[in-house]
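Data block below; observations after.
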2 protein chains.
Amino acid sequence: MRARKLDTKTRKVQIARAALDLIAKQGPECLSIAAVAEKVGIVPSAVYRHFTGKDAILNAILDLLATTFRSIVTQARAAHSDPLDRLRDIIRRHVRFLSENQHLPAVVASEIIFGDHPERRAKVRDILLEYLGGIEAILGEGQLAGIIREDVAPRVAALMLLGIEAPAAALWKVSGGAYDIVAHVEAAWPIYLAGVEKRPG
Amino acid sequence: MRARKLDTKTRKVQIARAALDLIAKQGPECLSIAAVAEKVGIVPSAVYRHFTGKDAILNAILDLLATTFRSIVTQARAAHSDPLDRLRDIIRRHVRFLSENQHLPAVVASEIIFGDHPERRAKVRDILLEYLGGIEAILGEGQLAGIIREDVAPRVAALMLLGIEAPAAALWKVSGGAYDIVAHVEAAWPIYLAGVEKRPG
DNA sequence: GCTGATAGAGAATCGTGAATCACAATGCAC
DNA sequence: GTGCATTGTGATTCACGATTCTCTATCAGC
């Protein structure tokens with residue numbers, strides 16, 4: 001049967017979301033035009049009405065990613081005023097998002113970055129740097145407020161914050177979900193906190 | 001010209017190493033039978049004399065990986081007696097190895113794990129768990145020695161140790177090597193240390 | 001309801017890479 | 001040196017996925 005005719009603007013969003021979902025839940029090699037098309041409910045060739053090709057779809061996925069990370073930082077800022085509370089909120093939201101999109105890091109790390117498209121790698125870099133920048137800003141504010149040690153470099157601490165999640169996610173994935181990543185974050189937070197916070201005396 | 005005839009035992013090692021090198025330095029999509037064959041100096045079809053297929057080669061790569069991680073822990077134990085020194089040595093060796101094999105984590109995370117081979121995923125899990133176990137043992141010894149806080153779970157702390165490297169490596173990769181990952185580890189170590197070590201008072 | 005522009009369908013093309021096969025060369029055992 | 005098992009070669013098959021092309025259906029404006 002024939003799919004309902006929808007305008008490109010709508011289809012573009014549908015296709016990008018479907019592609020993100022496929023790539024995030026089933027891995028990069030599952031991202032085929034055919035699979036995306038089926039998920040959206042159209043035929044493979046129809047995809048080309050809305051995207052020039054697979055590359056364009058990958059770029060659209062990155063745009064979705066950038067939006068997500070941006071909103072994680074924004075929401076954490078809105079929800080808390082204490083820098084340390086904001087950081088904890090970020091890592092919690094970060095983990096929640098990645099839990100729902102298991103394969104995303106792997107994809108971003110391999111398929112997308114190491115394709116033969118330098119400009120796409122630059123895009124990923126910009127997204128990551130913006131995300132880190134948002135975290136570093138909060139760390140800097142914590143230093144100004146005197147609750148985070150001045151001798152921790154914001155960039156290093158920002159990367160370590162993300163480092164709470166990364167290997168745990170890997171373990172979670174290879175063990176088929178047997179490792180409780182949310183509990184891990186809760187257990188890791190005090191350690192991270194002890195590492196960065198300024199102690200009296 | 002014709003390649004020298006070598007026995008399967010030798011070729012197996014050559015092929016596995018070549019494959020690891022390709023996959024680690026150029027990314028998973030560059031791992032083709034043709035590429036491996038060329039690197040070894042034989043013709044694609046000759047590869048099938050030694051491996052039943054691509055899957056078997058991937059398994060061989062995992063064996064190489066397991067060996068490497070095992071030796072990282074062993075060497076760190078041999079080089080130091082203090083648990084904290086051992087941990088720092090492990091993360092340093094870990095980073096050095098991964099710096100020389102940039103794409104490896106991405107590959108292990110995506111291509112290998114999320115292929116449709118559950119038994120391979122199990123193999124990766126076992127490798128990771130063994131590696132973590134080695135680190136946890138050292139952490140446990142540190143707790144017994146009274147230099148690591150008893151309230152840090154060894155598994156969590158072991159994962160966080162690896163977490164020092166993971167996001168930094170990602171940044172390093174997307175920025176084309178512009179982030180100094182060795183310096184990152186040196187800067188991150190004191191933060192990690194402050195997080196896990198037992199403080200007087 | 002007509003019409004043009006837009007979007008979907010389906011067949012066909014094209015390139016790629018894994019895997020197979022029959023044949024040739026090599027090297028060790030004797 | 002002969003023989004046989006092993007290894008290497010080149011051609012070929014096969015499947016798959018991206019892309020293109022042409023035709024057809026739909027929708028919005030009139």
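Residue numbers start from 1 in every chain, and the chains themselves are labelled A, B, ... in the order their sequence lines are given, proteins ahead of strands. The model shown is predicted, which means the values in this text are computed figures rather than measured ones.
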(request) Indicate whether OP1 or OP2 belonging to C/dA18 is found under 4.0 Å from a side-chain N or O atom of B/Lys54. (result) yes

(request) Indicate, yes or no, whether a donor-acceptor pair under 3.5 Å links the base of C/dA7 to the side chain of A/Arg11. (result) no

(message) Does A/Arg2 contact D/dT24 through a side-chain donor or acceptor facing the base, at a distance under 3.5 Å?
(response) yes

(message) Mind checking if A/Leu31 touches a base, just sugar-phosphate, or nothing, with heavy atoms under 4.0 Å?
(response) sugar-phosphate

(message) Expected output is a numbered-order residue list: members of residues 37-48 of chain A with a heavy atom under 4.0 Å from any atom of DNA chain C. What is it?
(response) A/Ile42, A/Val43, A/Ser45, A/Ala46

(message) Expressed as a whole number of angstroms, how long is the span from B/Phe51:CZ to C/dT20:P?
(response) 16 Å

(request) Output yes when B/Glu197 and B/Arg149 qualify as a salt bridge under the 4.0 Å nitrogen-oxygen rule, no when they do not. (result) no

(message) With a 4.5 Å cut-off on side-chain heavy atoms, are B/Ile164 and B/Ile191 touching?
(response) no

(message) Can you work out whether B/Asp55 or B/Ala3 has the more 5'-proximal nearest nucleotide on DNA chain C?
(response) B/Asp55

(message) Let's see if you can work this out: which of C/dA18, D/dA18, D/dT22 has an atom nearest to the side-chain heavy atoms of A/Arg49?
(response) D/dT22

(request) Report yes if at least one side-chain N or O of B/His50 is closer than 4.0 Å to OP1 or OP2 of D/dT6; otherwise report no. (result) no

(request) Using a strict 4.0 Å threshold on nitrogen-to-oxygen distance, state whether B/Lys198 and B/Glu150 make a salt bridge. (result) yes

(message) Any carboxylate oxygen within less than 4.0 angstrom of a Lys/Arg side-chain nitrogen, looking at B/Asp85 and B/Arg88?
(response) yes

(request) Starting from P on D/dC27, measure out to CG on A/Leu6 and report it in whole angstrom. (result) 9 Å

(message) Whether the side chain of B/Lys5 and the base of C/dT26 hold a donor-acceptor pair under 3.5 Å is what I'd like checked.
(response) yes

(request) Inspect the contact between A/Arg77 and A/Asp89 and indicate whether a charged nitrogen and a carboxylate oxygen are less than 4.0 angstrom apart. (result) no

(request) State, to 0.1 Å, how close A/His184 and A/Ala168 come at their nearest heavy-atom pair, and which atoms those are. (result) CD2-CB, 3.3 Å

